[in-house]
Number of protein chains: 2
Amino acid sequence: MKSNVTMKDIAEKLNVSSVTVSKALNDKEGVSEELKEKIKTLADKMGYRYNTMAKSMKDGKSYNVCVIIPERYTGMTQSFYLKVYQAIAQILEDRGYYGIIHILPNEDEDQLKLPRIYHERRVDGFIMLGQPSKEYIELMQSVEMPLVFLDFYDENDNVDAVITDNFYGAYEITNSLIQQGHKEVAYVGNLFSTSSIQDRFLGYYKSLLEHKIHLKQEYVISDRDERGAFIEMDLPDQMPTAFVCNCDQVAHLLIERLNKEGYRVPEDCSVVGFDNDIYATLTTPHLTTVEVDIEEMAKNTVKFICDKMDNPEVKFGRVAVKGKIIYRDSVKAIK
Amino acid sequence: MKSNVTMKDIAEKLNVSSVTVSKALNDKEGVSEELKEKIKTLADKMGYRYNTMAKSMKDGKSYNVCVIIPERYTGMTQSFYLKVYQAIAQILEDRGYYGIIHILPNEDEDQLKLPRIYHERRVDGFIMLGQPSKEYIELMQSVEMPLVFLDFYDENDNVDAVITDNFYGAYEITNSLIQQGHKEVAYVGNLFSTSSIQDRFLGYYKSLLEHKIHLKQEYVISDRDERGAFIEMDLPDQMPTAFVCNCDQVAHLLIERLNKEGYRVPEDCSVVGFDNDIYATLTTPHLTTVEVDIEEMAKNTVKFICDKMDNPEVKFGRVAVKGKIIYRDSVKAIK
DNA sequence: CTGAAAGCGCTTACAG
DNA sequence: CTGAAAGCGCTTACAG
């Protein structure tokens with residue numbers, strides 16, 4: 001069944017025109033119910049498959065949305081991005097679009113090479129998932145193509161971006177610690193490394209401020225160098241009762257370190273993470289953390305990109321999606 | 001720059017025909033070098049982008065290869081599949097094809113629904129990455145479309161499949177244990193759960209046979225129930241000196257269990273895994289394990305699918321790609 | 001070396 | 001309700 005059946009083939013068998021077949025198969029006006037049924041039945045029987053390429057050519061749309069993920073985000077722990085893609089693809093599907101993953105090789109990023117799919121007009125919009133270099137961002141913006149940033153943003157303010165509410169998430173989880181009696185709360189993360197580490201720090205800080213807790217310099221503990229490589233953490237001389245870590249992986253490392261130094265978690269000190277990724281449940285004890293709302297982020301992203309494909313003028317700006325605290329076993333209440 | 005420049009636009013500016021433009025842009029015979037250069041330069045300046053949809057329509061090919069991954073393989077630990085996809089996409093790219101991921105929703109798998117991309121003729125071949133239900137396999141095979149299985153196979157023997165050499169990998173790693181003096185070696189895995197657990201067991205068994213070591217029933221330890229959920233493992237009364245685990249995650253669980261029972265790894269007993277996934281380095285000590293050769297598997301898969309797209313008659317059968325032992329700290333030599 | 005004609009499979013006006 | 005004509009952007013085969 002090499003199935004190269006076309007509308008014309010169906011039309012000929014039925015002695016009608018291919019225009020009529022087209023109308024019938026697309027449920028359009030202008031064909032009698034009876035004929036429509038007959039056409040549909042025959043199409044099925046002949047194993048007809050609609051050729052979208054032809055439609056694409058007619059209306060100059062590819063019905064593809066390309067999700068670009070920088071290669072360096074596809075490491076071991078980052079099945080996060082595959083999940084995000086899955087959610088996006090599912091929602092695009094409902095709108096009749098296809099999601100296409102493009103993993104951006106590091107060298108293409110350096111050489112400012114756009115994906116071939118762009119040059120071949122096989123895409124109507126871009127979703128940039130994960131932050132590439134500044135230069136690459138500019139390149140993407142210079143191209144007249146609907147574009148939405150996902151999971152990061154740019155200082156440039158005429159961009160549309162969907163991000164997790166890092167600030168609010170860290171604020172909330174720090175609040176929960178304080179509500180459980182913690183007054184000596186440290187933050188773990190290099191504030192100058194990424195915007196999300198910084199924003200999470202600020203949420204933590206706001207919580208301290210609101211509770212009139214003084215921010216001690218030695219309670220802000222760096223976890224990585226400028227290039228993102230993890231470093232040995234500097235534990236303060238006077239230990240806090242709780243640590244707010246900028247991500248689950250760092251919470252995992254911190255707990256290993258604490259154990260080595262003889263501290264038990266959560267008996268001696270509490271630790272919370274962020275992301276609810278694989279490290280959250282790999283760590284003993286399982287981590288109390290902030291879960292990112294992937295579904296909601298995907299929904300927003302798809303809505304934005306679709307609206308922009310319909311009307312390139314619309315703007316959404318930065319939209320932060322709130323996460324949710326997942327309570328597990330790494331926090332102890334203090335009386 | 002709404003860039004709807006077509007070959008015709010270029011042709012008109014230069015007072016030539018669009019046929020000539022087509023030839024020039026495709027580096028075909030029949031245009032003077034001089035004119036060719038002129039055309040290319042102008043095309044660049046006008047921001048021309050080639051429209052592959054038109055070409056696709058002409059020659060009835062989509063230049064897309066769809067990589068289907070059953071939804072249930074996209075869980076936390078499975079960034080493995082994203083890596084495999086990345087390798088495949090890269091190699092397809094070199095051949096002028098696009099890789100398209102389709103995550104097969106569980107319900108589509110149950111209801112035997114093929115991806116929309118198939119019905120819309122936007123794909124020239126399928127790569128099935130990860131084993132779906134028997135019924136879904138049959139469905140895929142009933143469709144006249146080049147198809148390659150990746151990372152699993154089917155008893156049906158007229159299929160083309162690229163798999164890791166589970167048998168050989170387990171054989172080799174067990175050999176290495178025995179060479180280091182281990183004589184009491186157990187295997188951990190439910191032999192009736194998946195074909196790869198079974199094949200790895202057989203490789204382990206062959207190594208025992210070759211070394212004239214008797215296989216003790218209590219040394220074959222089940223790790224999961226029929227539905228794949230992990231169960232409490234039954235440690236034998238007389239402990240072996242080494243355990244061959246069917247995967248790194250189970251090695252990780254086993255070590256946790258051993259620690260709880262007071263055994264230290266590798267001092268009291270050695271443990272090896274399989275896969276070299278995230279668990280291999282998350283576990284303390286880091287695991288000696290078998291690394292799957294993703295690059296080689298991807299190369300084979302792409303070669304097979306491309307050859308089949310050119311000539312649907314070619315057959316490759318099952319091809320097993322050998323892995324490589326990664327030596328780390330979970331094994332101690334015995335004098 | 002160059003180009004007019006026909007066609008890939010569909011849809012959009014428009015006419016009957 | 002039905003269909004002839006034209007066109008989407010390109011390429012192939014053929015003629016000059």
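Numbers restart at 1 for each chain; the letters A, B, ... are given by sequence-line order, proteins then strands.
Mapping Gly30(B) and Ala54(B) onto DNA chain C via the closest heavy atom, the residue that lands nearer the 5' end is Gly30(B).
Closest approach to the Ser22(B) side chain among dG9(D), dT11(D), dG3(D) is made by dT11(D) (side chain taken as heavy atoms from C-beta onward). Considering only the side chain of Thr6(A), dG9(C) comes nearest among dA4(D), dG9(C), dT12(D). Closest to the side chain of Ser17(A), from the set dC10(D), dA4(D), dA4(C), is dA4(D). When each of dC1(D), dC10(C), dA4(D) is scored by its nearest atom to the side-chain atoms of Lys58(A), the top-ranked nucleotide is dC10(C). Closest approach to the Leu35(B) side chain among dA4(D), dT2(C), dC8(C) is made by dT2(C) (side chain taken as heavy atoms from C-beta onward).
Between Arg121(A) atom CZ and dG9(D) atom P the separation is 8 Å, expressed in whole Å. Rounded to whole Å, atom C1' of dC10(C) lies 7 Å from atom OH of Tyr48(A). Taking atom NZ of residue Lys55(A) and atom P of nucleotide dC10(C), one finds them 12 Å apart after rounding to whole Å. Atom P of nucleotide dT11(C) and atom CE of Met53(B) are separated by 15 Å, given to the nearest angstrom. In this structure, Lys36(B) atom NZ and dG3(C) atom C1' are separated by 17 Å, rounded to whole Å. dG3(C) atom P lies 9 Å from atom CG of Asn15(B), rounded to whole Å. Here the P atom of nucleotide dC10(C) and the OH atom of Tyr50(A) are 8 Å apart, to the nearest Å. The separation between Glu37(B) atom CD and dC1(C) atom P is 14 Å, rounded to whole Å.
Between Thr20(A) and dC1(D) there is no side-chain N or O to OP1 or OP2 distance below 4.0 Å. Contact annotation: Ser32(A) reaches the phosphate of dT2(D) (side-chain N/O to OP1 or OP2, under 4.0 Å). Residue Asn26(B) has a polar side-chain atom (N or O) positioned under 4.0 Å from OP1 or OP2 of dT11(D).
A side-chain donor from one of Arg122(B) and Thr52(A) sits under 3.5 Å from a side-chain acceptor of the other. Inspection of the Glu120(B) and Tyr98(A) side chains reveals an N or O donor paired with an N or O acceptor under 3.5 Å. A donor-acceptor contact closer than 3.5 angstrom links the side chains of Lys61(A) and Tyr97(A).
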Is there a side-chain contact (heavy atoms from CB on, under 4.5 Å) between Lys38(B) and Glu34(B)? Walk through the geometry before answering.
CA-CA 6 Å; Lys38(B) 233 160 94 183; Glu34(B) 200 191 333; 5.6 Å; no

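In this structure, Met297(B) and Val292(B) have side chains that are in contact, with non-hydrogen atoms separated by less than 4.5 Å.
If you check every strand for non-hydrogen atoms under 4.0 Å, Asp59(B) touches nothing. Heavy atoms of Lys28(A) sit under 4.0 angstrom from primed sugar atoms or phosphate atoms, though from no base atom.
A donor N or O paired with an acceptor N or O is found under 3.5 Å between the base of dG3(C) and the side-chain atoms of Lys23(B).
Taking the six-membered ring where the residue is Trp, Phe126(A) and Tyr118(A) present tilted rings, their angle falling between 30° and 60°.
Nucleotide dA15(D) is matched to dT2(C) when pairs are restricted to Watson-Crick or G-U wobble geometry with both distances under 3.5 angstrom.
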